[in-house]
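The structure under discussion appears below in the form of structure tokens.
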Protein chains: 2
Amino acid sequence: MTDKKRSKNTIRDVALDAGVSIATVSRVVNKLGTVSKETEERVQRSIDRMGFRLNAFGRGLSTARSYTIGVMIPSLSNPVFADAVSGITQEASKAGYNVMIAATDYQHAAEISTVSTFLERQIDGMILTVADPMHSDALDMLEGAQAPYALIYNQVSKSDRVTVTVDNVAAGDAVARCFHAQGHRVMAMISGSFAESDRAIARRDGFVTGIAALGLPAPVIHEVGFVNLDIEPVLQSLFENQDTAPTALFCSNDLLAISVISGLERRGLRVPDDVSVMGFDGIAIGTHLHPTLATVIQPSKRMGEVAAQCLLCRIKGEGGMQSTLLPFTLRLGESTGRACKQLPADLQTPHKSVHRRPAQ
Amino acid sequence: MTDKKRSKNTIRDVALDAGVSIATVSRVVNKLGTVSKETEERVQRSIDRMGFRLNAFGRGLSTARSYTIGVMIPSLSNPVFADAVSGITQEASKAGYNVMIAATDYQHAAEISTVSTFLERQIDGMILTVADPMHSDALDMLEGAQAPYALIYNQVSKSDRVTVTVDNVAAGDAVARCFHAQGHRVMAMISGSFAESDRAIARRDGFVTGIAALGLPAPVIHEVGFVNLDIEPVLQSLFENQDTAPTALFCSNDLLAISVISGLERRGLRVPDDVSVMGFDGIAIGTHLHPTLATVIQPSKRMGEVAAQCLLCRIKGEGGMQSTLLPFTLRLGESTGRACKQLPADLQTPHKSVHRRPAQ
DNA sequence: ACTAAGAATGTAAACGGTTACAGCATGGCT
DNA sequence: AGCCATGCTGTAACCGTTTACATTCTTAGT
């Protein structure tokens with residue numbers, strides 16, 4: 001344990017120490033080619049004694065593989081992404097790959113610069129969520145560089161870009177039907193900025209067409225920023241007119257839903273008695289809230305795993321990649337309930353009772 | 001946009017295309033040394049046209065710097081770590097560094113193998129949380145390799161290992177005093193496994209000595225695993241004997257506290273009326289729970305930022321590193337309250353009233 | 001005993017950059 | 001005119017691996 005660190009510790013030093021050529025050391029380290037038992041042991045002893053470790057730069061330079069995959073997501077603070085990353089790192093490390101990570105914080109410019117540095121660093125592939133997968137400079141760059149990648153969370157229709165996600169349109173539709181089945185007739189949606197989230201768009205589309213298919217009036221849609229979600233004015237606008245106020249609110253993600261519920265309670269509206277709220281994502285904490293959060297569960301960690309496996313297959317040349325839609329699940333938490341419950345006196349109008357018939 | 005990708009795209013190709021030497025291209029790319037205006041423009045045009053990007057392997061091999069820092073944490077699913085990572089990636093990327101990430105899932109063996117691969121990959125430094133910073137093979141290895149690192153969350157007493165955290169002992173003490181001030185006399189702690197968390201140990205120590213200093217009987221301490229926290233038997237044991245049941249519970253982290261609250265309610269115990277619960281970490285979601293979670297807030301993201309800044313300074317050779325204790329804050333959420341409130345009839349005994357005097 | 005196959009090992013050329021050093025103009029000084 | 005400083009550019013060594021190929025040595029088959 002004395003001079004373990006002193007010497008330069010390259011493969012050459014080990015070779016010298018063990019009295020063999022560098023090729024032999026390389027063979028021992030990589031367990032490749034043929035090396036006699038005795039030589040192998042001697043080399044291994046030198047390696048251990050010197051604390052030698054292969055230099056990934058040298059190796060990467062000659063093999064042109066980094067055994068690194070890049071991951072780019074909007075934010076690490078949202079558990080939905082953290083869970084996916086967790087699944088990715090798990091699968092990657094199983095396969096001997098490391099993970100490089102970057103968050104865009106929903107900044108468009110960050111996407112392109114991140115992809116650029118990841119390419120410089122010779123990542124073998126990339127898993128990412130972009131703002132808009134149909135018109136993305138970042139993806140263009142990735143494709144230009146012939147770097148394999150898999151999208152995650154992104155919704156890709158009519159494009160051969162590969163993604164792992166749930167069917168957000170169907171999910172939006174399911175939410176509409178669920179609300180309808182609970183007797184709701186006036187619904188609305190509060191969503192994260194569509195410009196930063198194609199999946200929010202998909203969820204809205206499913207929700208809107210679902211509502212239309214049910215023969216109900218089109219819902220009011222409100223957008224809020226992802227970074228500092230400013231709920232108050234939205235709630236103000238939604239609930240100032242008692243005649244048009246919704247009884248059911250679909251929020252494009254759980255974090256938003258949680259803020260919305262707080263906001264509603266702050267205004268004296270009870271959830272779900274006055275307003276039902278449904279989130280999207282299925283973050284773990286949702287089940288511990290009161291009321292427990294109704295939501296559309298995406299299997300986030302699993303999505304990360306699948307994306308990683310899929311990408312790794314592709315990297316290893318074991319066949320191409322295909323988009324995967326994982327099943328989502330509606331969780332009927334306590335934040336939704338049947339419509340037509342008692343409204344606070346000041347919000348009650350004769351109109352309401354006309355709109356709200358008992359559920360089918 | 002036709003052949004942007006075809007050619008081999010090394011610095012040599014660019015040099016050839018621009019009619020200069022590779023040294024000149026290198027100068028242009030790195031904005032180093034002197035290059036005439038015209039040459040620079042010509043080279044830049046070649047670079048743009050060919051879509052050339054420096055190869056980090058080649059560069060790293062000659063400079064022996066990777067501009068990468070490694071981050072190793074127990075888990076990404078716990079927001080407290082995700083927030084810290086978020087702070088780290090933010091600061092790192094500001095400084096032109098990338099972040100490699102790995103989660104140990106509280107597995108001891110993963111620590112050493114992660115550090116080992118990070119060293120192979122020539123990370124410039126590392127930020128990590130280990131199970132036991134005083135006896136850590138991983139840290140020994142890091143020091144043996146002369147790799148700069150900063151701990152985060154870890155509590156390091158009498159050791160020159162550098163860490164960024166809060167004073168967990170003082171925090172534990174503060175919790176004891178807080179409970180005491182609320183009139184609690186019988187307290188207990190439920191903690192994540194001490195073998196995997198030195199900070200849990202520190203929190204316990206502060207809690208225990210604090211309680212002793214207040215002249216109260218020593219609290220019962222229970223350990224649960226980090227992975228599948230099995231709360232039920234612990235609550236069973238804590239509350240089966242009405243005479244010794246605590247009125248205040250300190251949980252070593254918020255996720256645990258949240259589970260504990262659920263468990264208590266499942267047993268028909270009201271929080272905080274029957275039992276007060278205090279967590280630790282200050283995860284964002286805590287304020288949206290009902291009751292809102294009382295907790296010790298650590299500035300997690302800030303801790304990540306500070307650790308990163310500190311490490312980067314060291315990497316750049318701008319002076320050494322020092323441990324930093326950031327201030328914690330007690331948040332008195334609704335999950336704690338004054339002791340002596342009404343117990344459910346079946347849990348009520350004459351004894352209790354003896355133990356519980358009104359608060360000072 | 002001779003040969004061919006196969007095992008064990010070594011040699012040296014990549015891989016794609018950085019950078020010390022050298023070389024060549026140019027221009028301003030004495 | 002001679003000199004030096006300065007600006008610009010090129011040459012080539014080096015960074016630490018992998019790996020195709022060459023070489024040497026065994027060993028089994030005839």
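Chain naming here is simple, since letters A, B, ... match the order of the sequence lines and numbering starts at 1 in each. Quick note: numbers below take in every heavy atom, side chains included, and nothing from hydrogens, waters or symmetry partners. Every value quoted in this text rests on a predicted model; they were computed, and no experiment measured them.
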Review point. Got a donor-acceptor pair under 3.5 Å from the side chain of B:S62 to the base of C:dT18?
Key: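 Side chain to base: no pair present.
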Review point. Does any donor-acceptor pair link the side chain of B:R53 with the base of C:dG16 at a separation under 3.5 Å?
Key: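 When only heavy-atom distances are counted, B:R53 does not reach the base of C:dG16 through any donor-acceptor pair under 3.5 Å.
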Review point. Under a 4.5 Å cut-off applied to non-hydrogen side-chain atoms, are B:M100 and A:T68 in contact?
Key: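 With C-beta onward as the side chain, the pair touches.
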Side chain of [X] (C-beta onward), nearest among [options]:
X	options	answer
B:F52	C:dG17, C:dC21, D:dG7	C:dG17
B:A23	D:dT18, C:dT11, D:dG10	D:dG10
A:V35	C:dG16, C:dT9, D:dT9	C:dT9
B:R27	C:dC21, C:dT11, D:dT17	C:dC21

Base, sugar-phosphate, or nothing: which does [X] touch, judged by heavy atoms less than 4.0 Å apart?
X	answer
B:I22	base
B:S26	base
A:S36	sugar-phosphate
A:T24	sugar-phosphate

Is the closest basic N to carboxylate O distance between [X] and [Y] below 4.0 Å?
X	Y	result
B:K301	B:D83	no
A:R161	A:E143	yes
B:R302	B:E305	yes

Quick one: [X] [atom1] to [N] [atom2], roughly how many Å, whole number?
X	N	atom1	atom2	answer
A:R12	C:dT11	CZ	P	12 Å
B:D13	C:dG17	CG	C1'	13 Å
B:L54	C:dG16	CG	C1'	9 Å
B:I11	D:dT11	CD1	C1'	14 Å
B:L61	D:dC14	CG	P	14 Å
A:L16	C:dG10	CG	P	12 Å
A:I47	D:dT17	CD1	C1'	13 Å
B:R65	C:dT19	CZ	C1'	16 Å

[N] phosphate, OP1 or OP2, under 4.0 Å from [X] side-chain N/O:
X	N	value
A:R59	D:dG16	no
A:N55	D:dC15	no
B:T39	D:dC8	no

Exercise for review: Look only at the side chain of B:D13 and the backbone of B:T10, and say whether a donor-acceptor pair between them is shorter than 3.5 Å.
Suggested key: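 Yes: the side chain of B:D13 pairs with the backbone of B:T10.
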Exercise for review: Kindly give the heavy-atom pair with the smallest separation between A:Y153 and A:V80, and that separation in Å.
Suggested key: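 A:Y153 and A:V80 have their closest heavy atoms at OH-O, 2.6 Å.
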**Study point:** Of B:T63 and A:L32, the one whose closest DNA chain D nucleotide lies more 5'
**Key:**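 Of the two residues, B:T63 wins.
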